[in-house]
Amino acid sequence: MERNEFIKSLGLGVALVCTGSCFSGCGKKSDSPEPNKPGGGPVPPGTGVNVDLNTQILAVGASIVVSGILFIRIASGNTTSSFAATQATCPHQGGSLAFIEANNYIQCSLHSSRYTTAGAILAQPNDGGTTSALKTYPLTISGNTLTATA
Ligand code: FES
């Protein structure tokens, strides 16, 4: 093999090695976990999401977000009619929803749409868009555990 041919073949080999490592690096998925979401992310349909009634949403008007579900205590007592459970993100553009106890409605943090605790629309978004009714979840109680089925 001539010197020039040897150098050319060496250069081609180096180029192939560099290209291969670049492609394998580009295809690698990130190992970093998803950022934390308050209340956890949504769960698959049919999954039970629990609230401990010994320690959570004890007072009328209290609310909590667990796994993408907004739980609200709407009356005293521990029967299913004492609670409401709706989606925790707005159907309009995904803003977070919060129960406003003083006004007895659920409000979006992004464009201020408002809903009843049963999920009906009280006010459309303030950006001129339209929203839809909130998803609500069936509730059961076993002992002191309130469960919404996603
Ligand atoms: S995202 Fe809720 S009103 Fe726009």
Side-chain angles (χ1 to χ4, degrees), residues 11-150:
L12 182 60
V14 169
L16 287 174
V17 168
C18 289
T19 303
S21 65
C22 179
F23 283 135
S24 68
C26 292
K28 203 173 203 174
K29 290 185 177 173
S30 170
D31 293 333
S32 61
E34 282 190 37
N36 288 338
K37 298 175 186 169
V43 295
T47 304
V49 177
N50 297 332
V51 169
D52 181 353
L53 297 177
N54 285 317
T55 59
Q56 298 171 303
I57 54 174
L58 301 176
V60 175
S63 61
I64 187 172
V65 174
V66 181
S67 298
I69 297 178
L70 173 62
F71 291 87
I72 306 163
R73 179 182 277 280
I74 56 175
S76 59
N78 281 358
T79 64
T80 55
S81 62
S82 304
F83 303 94
T86 71
Q87 64 187 95
T89 56
C90 184
H92 177 231
Q93 290 180 2
S96 59
L97 298 173
F99 180 63
I100 310 298
E101 182 184 1
N103 299 319
N104 194 36
Y105 56 59
I106 297 167
Q107 186 168 25
C108 176
S109 61
L110 206 51
H111 306 113
S112 302
S113 61
R114 295 193 302 267
Y115 309 87
T116 68
T117 56
I121 299 167
L122 291 173
Q124 290 290 344
N126 61 14
D127 70 344
T130 56
T131 190
S132 53
L134 300 181
K135 208 180 300 179
T136 59
Y137 302 96
L139 295 169
T140 57
I141 292 180
S142 177
N144 283 314
T145 302
L146 172 67
T147 302
T149 302

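Numbering of ligands and ligand atoms starts at 1, following listing order. Atom set for the values below is all heavy atoms of this structure, side chains included, hydrogens, waters and symmetry mates excluded. In this text the structure is predicted, and so the values were computed from the model without any measurement.
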Give every donor-acceptor pair under 3.5 Å between a side-chain atom in residues 143-150 and any protein atom, sequence neighbours left out.
from, atom 1, to, atom 2, distance (Å)
Asn144, ND2, Asn54, OD1, 3.0
Thr147, OG1, Asn50, OD1, 2.6

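Listed by first and then second residue, the side chain to side chain donor-acceptor pair (under 3.5 Å) pairs involving residues 116-131 are Tyr115-Thr131 (not counting sequence neighbours). Among residues at least two apart or in separate chains, side chain to side chain donor-acceptor pair (under 3.5 Å) pairs with a member in residues 83-99 are His92-His111, Ser96-Ser109.
Less than 2.8 Å away from atom 4 (Fe) of ligand 1, the protein contributes these N/O/S atoms: His92 ND1, His111 ND1.
Of all heavy-atom pairs spanning Leu97 and Leu70, the tightest one is O-CD2, 4.3 Å. The two residues Leu139 and Ala85 have their closest heavy-atom pair at CD2-CB, 3.7 Å.
For Arg73 (side chain) and Ala62 (main-chain N/O), no donor-acceptor pair under 3.5 Å exists by modelled atom type.
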